[in-house]
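For reference, the structure discussed in these notes is given below.
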Amino acid sequence: MAFNRGSKGKQGSAARTIAKVAAVGIIAGAPLGLAVGTANAAPGMDWDALAQCEASGNWGANTGNGYYGGLQFTQQTWNAYGGQGNPANASREQQIAVAERVLAGQGRNAWPACSAKLGAGQVTQRTAPAPQQRKAPVQQKQQQQRQAPVQQAPVVVVDASKSNPNGNYEIKAGDTLSKIAEANKVAGGYQAIVEKNKGFLTNPDLIFPGHKILI
């Protein structure tokens, strides 16, 4: 999160104006791509460190391996969690905003190898302190006020991969298809594994330890 550091003698009306603008942006709810404060405030996951591990810190990574951007999304996962266009063309803030949804839906195992390497813990939700309210006059206290209904966010359902009964490799904790392909010298890389397991690897990003795949 960026902090505005000026000299002590120059933080007058300008600093207060910036604070007011920031507050308006938070209350109004900035759209995806503009909500920088929201994208950076992901407790429990250091997105810059994860991007350094996944893509050498290149938020525009597009090497042709089916994974895009600094956090190495597949196009399927990017679209499922509200991303638009190609992840490699999205800004760092947009990628982090989508990654927060992936983290909430799949946990840190969405990036198993780098999450384990970085030792990133589970996300802990921070609750903002309730604003202090002034005591209402006695007449107003007697009037019961109805609370507006809370709108529930839509639930995103992502197909999970299944175990292949004809598989000859058992997935271990921390495995990714790319890692498995490289360790076992699979010709054609992870794409070949996906091709051999059609109907079972329905989501290459969501595989489970104990499942079997054909390599």
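Below, each value reflects all heavy atoms present in this structure, side chains not excepted, and no hydrogens, waters or symmetry copies.
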Gap between atom [atom2] of [Y] and atom [atom1] of [X] - 0.5 Å precision:
{"X": "Glu54", "Y": "Thr176", "atom1": "CD", "atom2": "OG1", "answer": "8.5 Å"}
{"X": "Gln72", "Y": "Asn62", "atom1": "CD", "atom2": "CG", "answer": "9.0 Å"}
{"X": "Asn65", "Y": "Leu177", "atom1": "CG", "atom2": "CG", "answer": "11.5 Å"}
{"X": "Ile171", "Y": "Ile180", "atom1": "CD1", "atom2": "CD1", "answer": "5.0 Å"}
{"X": "Glu93", "Y": "Trp59", "atom1": "CD", "atom2": "CH2", "answer": "8.5 Å"}
{"X": "Asn197", "Y": "Asn164", "atom1": "CG", "atom2": "CG", "answer": "5.0 Å"}

Margin query: side-chain contact (heavy atoms from CB on, under 4.5 Å), that's the test. Do Asp175 and Phe208 meet it? Break it down for me.
Written below: CA-CA 9 Å; Asp175 273 348; Phe208 300 95; over 6 Å; no
Would a single hydrophobic cluster contain both [Y] and [X], if residues Ile, Leu, Val, Met, Phe, Trp and Tyr are joined by side-chain heavy-atom contacts under 4.5 Å?
{"X": "Leu50", "Y": "Tyr68", "answer": "no"}
{"X": "Val194", "Y": "Tyr67", "answer": "yes"}
{"X": "Met45", "Y": "Phe73", "answer": "yes"}
{"X": "Ile96", "Y": "Trp111", "answer": "yes"}
{"X": "Val186", "Y": "Leu214", "answer": "no"}

Would you indicate whether the side-chain heavy atoms of [Y] and [X] approach each other to under 4.5 Å?
{"X": "Leu206", "Y": "Gln106", "result": "yes"}
{"X": "Leu118", "Y": "Asp46", "result": "no"}
{"X": "Lys212", "Y": "Asn168", "result": "no"}
{"X": "Val98", "Y": "Trp78", "result": "yes"}
{"X": "Pro204", "Y": "Gln76", "result": "yes"}
{"X": "Trp47", "Y": "Gln95", "result": "no"}
{"X": "Ile207", "Y": "Phe200", "result": "no"}

Indicate the atoms forming the closest heavy-atom contact of [X] with [Y], along with that distance.
{"X": "Ala61", "Y": "Ala88", "answer": "O-CB, 3.4 Å"}
{"X": "Gln75", "Y": "Pro87", "answer": "OE1-CD, 3.4 Å"}
{"X": "Gly189", "Y": "Ala181", "answer": "C-CB, 3.5 Å"}
{"X": "Gly70", "Y": "Ala55", "answer": "O-CB, 3.6 Å"}

Checklist line | Modelled atom types, side-chain donor and acceptor of Gln52 and Asp48, under 3.5 Å | finding: no
Check: Would you say the side chains of Ser161 and Asn203 form a donor-acceptor pair under 3.5 Å?
Finding: no
Where the side chain of [X] meets the backbone of [Y], is there a donor-acceptor pair that is under 3.5 Å apart?
{"X": "Asn184", "Y": "Ile215", "answer": "no"}
{"X": "Lys162", "Y": "Leu201", "answer": "no"}
{"X": "Glu170", "Y": "Pro209", "answer": "no"}

